[in-house]
Amino acid sequence: MAAYLQKHPEDRISVVVSNTRNLAELLNLGEIDFALVEGYFEKKEFDYQVYSKENYVCACGPNSYEKLTKGGSVQPDLSQLLKERLLVREPGSGTREILEKNLKEKNYDIEDFFNLVQISNIHAIKSLAAADMGITFLYERAIQEEVRAGKLKLLPIEDFLIQHEFAFIWRKGSVFAPV
């Protein structure tokens, strides 16, 4: 966005930050022209272009990491993490949908976790996880600064490796459609 604004200082831009479900609805209503989404969308309704493929990881605070990995010597499996508080985004969020889908493939549900805290703000989720208030599942890119600073730790989970695409989406037949 910064590079674009430098090249086009006269352009006016309106940016909406929301979850995947809301962005798809705004596209359908004609209120926005395109969206960058992380979650699942109806490919039959939208044209799209993959922007990136990202690692989807489990993260927690340093003390939680020490406890869950026994000082870094053990890699927990998903069933062991069900005893933890899960910090998760709101329904409609791509981040949450990806977790729900991948849990379902392992015959689990987010409701299987000991405790569930639902927050619609990723910064609040990261802060709570860094304070050892629970574990969370986010994109590695979204927490790279916190990991580098030692505020969050990546928690590898046995047999739970996930990658997911970020995509630009727009209505089929719009001006953004390939010619």
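All figures in this text were calculated on a predicted structure; none of them were measured in a lab.
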Could you state whether [X] and [Y] fall into the same hydrophobic cluster, counting links through intermediate Ile, Leu, Val, Met, Phe, Trp or Tyr residues with side-chain heavy atoms under 4.5 angstrom apart?
X: L5; Y: I32; answer: no
X: Y108; Y: L99; answer: yes
X: V147; Y: I162; answer: no
X: L103; Y: L161; answer: no

Mark yes or no for whether [X], through its side chain, and [Y], through its backbone, hold a donor-acceptor pair below 3.5 Å.
X: D109; Y: D112; result: no
X: N55; Y: E140; result: no
X: K151; Y: I143; result: no

Side chains of [X] and [Y] in contact at under 4.5 Å (non-hydrogen atoms):
X: R89; Y: I125; value: yes
X: V88; Y: F113; value: no
X: I13; Y: Y4; value: yes

Query - With sequence neighbours excluded, residues passing ring-ring contact (aromatic ring centres under 6.0 Å, His included) with F46 - result: none

If you look at every heavy atom in [X] and [Y], which pair is closest and at what distance?
X: L138; Y: T136; value: CD1-CG2, 3.7 Å
X: S64; Y: D132; value: N-OD1, 2.8 Å
X: P62; Y: A130; value: CD-O, 4.0 Å

**Report entry** Set of side chain to side chain contact (heavy atoms under 4.5 Å, CB included) partners for F166, sequence neighbours left out
**Finding:** L36, E38, Y51, S52, E54, Y139

Report summary line: The side chain to side chain contact (heavy atoms under 4.5 Å, CB included) partners of E66 (sequence neighbours excluded) come to none

Query - Residues E45, K172; criterion salt bridge (Lys or Arg N to Asp or Glu O under 4.0 Å); working and verdict - result: CA-CA 6 Å; E45 283 185 40; K172 285 191 181 280; over 6 Å; no

Report summary line: Tested for side chain to side chain contact (heavy atoms under 4.5 Å, CB included) against C60, the lone hit among L154, L152, I135 is I135

Report task. State yes or no: are the ring centers of F168 and Y48 separated by less than 6.0 Å? Result -> no

Only distances under 3.5 Å count here; give the side-chain donor-acceptor pairs of residues 15-26 to other protein atoms, sequence neighbours excluded, each with its distance to 0.1 Å.
from: S18; atom 1: OG; to: N22; atom 2: ND2; distance (Å): 3.0
from: N19; atom 1: OD1; to: R21; atom 2: N; distance (Å): 3.2
from: N19; atom 1: OD1; to: N22; atom 2: N; distance (Å): 2.9
from: N19; atom 1: ND2; to: E90; atom 2: OE2; distance (Å): 3.0
from: T20; atom 1: OG1; to: G39; atom 2: N; distance (Å): 3.2

Query - K101: partners by salt bridge (Lys or Arg N to Asp or Glu O under 4.0 Å), with sequence neighbours left out - result: E105

Which side-chain N or O atoms in residues 68-80 pair as donor and acceptor under 3.5 Å with protein atoms at least two apart or in another chain?
from: T69; atom 1: OG1; to: Y65; atom 2: O; distance (Å): 2.6
from: T69; atom 1: OG1; to: G72; atom 2: N; distance (Å): 2.8
from: S73; atom 1: OG; to: K70; atom 2: O; distance (Å): 2.9
from: D77; atom 1: OD1; to: S79; atom 2: N; distance (Å): 3.1
from: D77; atom 1: OD1; to: S79; atom 2: OG; distance (Å): 2.6
from: D77; atom 1: OD1; to: Q80; atom 2: N; distance (Å): 3.1
from: Q80; atom 1: OE1; to: D77; atom 2: N; distance (Å): 2.7

